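Quick notes on the structure that follows.
Model, not experiment: these values are computed from the prediction. Values below: every heavy atom of this structure, side chains too, minus hydrogens, waters and symmetry copies.
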Amino acid sequence: MTSEAEPAPPAPAHAPLAREERPFMAIGLRLLAMFSISIMFASAKLLNGWGVNLVETLFYRQALALPMVFAWIAFTDGPGAVRTSRIGTHSSRTALGLFGMILNFGSYILLPLTEATTIGFTMPIFGTILSALILRERTGIHRWSAVIMGFLGVIIMTRPDSGHFPLIGVAVALTGAVVTALISILLRELGRTEGAAVTVFWFTFLSVPPLSVLMIFYAQPHDTATWALLVLMGLSGGIAQLCMTGALRWAPVSVVLPMDYSTIIWSTILGWLIWNDWPLVTTFIGATFIVASGLYIALREHLRIRRTRLRHQAHPAQRVKG
């Protein structure tokens, strides 16, 4: 999971393995993506303090990233690679993705960077619950134990009775994680026919028009420093998308996904340098529970996909479900 309401589209369970893997390159790209995401959210938090509203933040995030995403696809796969026959599904994914972005950006505005980042990593926990409820996937004692451990981490970190964090911020962050989990389920279905880069392109492309309409009412003049920070935020978001997508070209999700948790390190450093926010001991303890929960759920998912691929290889004519 990423912290951007834009989880990486998973490779289909029946997809052939890549001809060549470069795990070190993939890990490097993923680490760069996580650093860029941390810069993006820190910039968005700063911009809010400088009077930039959320509509402007989302518009410039998407509009500045769009040419970068298209140029990447055109360079790697050719401009014709963006063709799709599932524009309706992409539109639904865009609507849900925009709602998720509002919640996730809002959580970074309302909470300290480290806490917002860590709560965002509860997405696999909600993904497990929603997969059991919506997709009727079998969820054994191992995953449910990880879910319980993750929620325990949230309770330890936020300490609901202490008043240390605004409850509205915690609620927004948790709701954002739920919406991101829903997006991951939709991407699982979309990923059967669409590559990761194409899915990213259509989300970015389709989100710009509605945000442009809102900009008629919310756009404001800004000084040079604010414009520079807006550009930094948009470009860092675009770089993050490209690096996340590029990482998946060189290694499986199971290899690069653990790198996502490096955002907790960058968020802690940036929060301390910019806002003099240093997380409490309970934040680190809770984060340990949440990260361990997410990694274990990812491990179980990796094993499930591997078993599915082995069954497909043994019975290639059989249609693979889930």
Side-chain angles (χ1 to χ4, degrees), residues 1-11 25-44 57-79 81-82 84 90-91 93-105 108 117 120-121 123 176 179-180 183-184 186-188 190-191 194-211 229-253 255-257 259-263 266-267:
M1 174 273 171
T2 72
S3 309
E4 200 186 344
E6 178 63 22
M25 177 182 290
I27 289 172
L29 287 172
R30 197 74 172 194
L31 287 172
L32 178 58
M34 296 305 107
F35 175 73
S36 299
I37 283 177
S38 300
I39 294 294
M40 180 193 69
F41 279 123
S43 300
T57 298
L58 295 181
F59 172 78
Y60 291 115
R61 158 64 185 91
Q62 297 297 81
L64 290 170
L66 180 58
M68 297 175 62
V69 172
F70 180 75
W72 168 263
I73 296 175
F75 178 76
T76 55
D77 300 319
V82 301
T84 181
H90 282 292
S91 299
R93 179 263 179 278
T94 299
L96 193 61
L98 280 174
F99 182 48
M101 287 188 72
I102 291 171
L103 293 169
N104 282 286
F105 273 84
Y108 278 86
T117 300
F121 283 118
M123 188 278 284
V179 173
T180 306
I183 294 171
S184 69
L186 180 59
L187 288 176
R188 188 183 302 181
L190 197 57
E194 309 287 90
V198 175
T199 302
V200 169
F201 167 78
W202 282 107
F203 169 57
T204 309
F205 178 79
L206 292 174
S207 63
V208 171
L211 289 172
L229 194 56
L230 280 167
V231 171
L232 174 63
M233 181 202 64
L235 293 181
S236 61
I239 291 171
Q241 293 281 201
L242 296 180
C243 289
M244 283 191 290
T245 304
L248 293 177
R249 298 175 70 93
W250 298 112
V253 174
V255 172
V256 299
L257 184 137
M259 302 304 107
D260 291 9
Y261 293 99
S262 64
T263 52
W266 299 121
S267 295

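- With values rounded to the nearest 0.5 angstrom, Asn104 atom CG is found 4.5 Å from Thr180 atom OG1.
- When every heavy atom of Ile183 is checked against every heavy atom of Gly97, the shortest pair comes out as CD1-CA, 3.6 Å.
- Taking the six-membered ring for Trp and thresholds of 30 and 60 degrees, Phe205 and Trp202 have ring planes more than 60 degrees apart, a perpendicular arrangement.
- When all heavy atoms of Leu103 and Gly176 are compared, the closest pair comes out as CB-CA, 3.7 Å.
- With sequence neighbours excluded, the residues satisfying side-chain hydrogen bond (donor to acceptor under 3.5 Å, both in side chains) with Ser207 are Gln62.
- Expressed to the nearest 0.5 Å, how far CG of Leu187 lies from CZ of Phe203 amounts to 9.5 Å.
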Item checked: Candidate pair Phe105 and Arg61, rule side-chain contact (heavy atoms from CB on, under 4.5 Å), full reasoning -> CA-CA 11 Å; Phe105 273 84; Arg61 158 64 185 91; 4.2 Å; yes

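- Note that the CE atom of Met68 and the CD1 atom of Ile239 stand 4.5 Å from one another [nearest 0.5 Å].
- Of all heavy-atom pairs between Cys243 and Ala33, the closest is CB-CB, 3.6 Å.
- Within the 4.5 Å cutoff, the side chain of Leu29 has no heavy atoms near those of the Val256 side chain.
- Of all non-hydrogen atoms in Ile73 and Ala81, the two that sit nearest each other are CG2-CB, 3.9 Å.
- In this structure, the side chains of Thr263 and Phe35 stay at 4.5 Å or more apart for every pair of heavy atoms.
- For the pair Thr117/Trp266, no side-chain contact is recorded, criterion being any heavy-atom separation below 4.5 Å from C-beta on.
- The structure places CD of Gln241 at 10.5 Å from OG of Ser236, a figure rounded to the nearest 0.5 Å.
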Item checked: CA sep, side-chain torsions, deciding dist, call: Phe201, His90, side-chain contact (heavy atoms from CB on, under 4.5 Å) -> CA-CA 10 Å; Phe201 167 78; His90 282 292; over 6 Å; no

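- Of all heavy-atom pairs between Leu64 and Val231, the closest is CD1-CA, 3.8 Å.
- The distance from the CG atom of Leu235 to the CG atom of Leu230 is 10.5 Å, given to the nearest 0.5 Å.
- Annotation for Thr57 and Ala44: closest pair CG2-CB, 4.0 Å, computed over non-hydrogen atoms.
- Looking only at side-chain heavy atoms (C-beta outward), Ile37 and Met244 come within less than 4.5 Å of each other.
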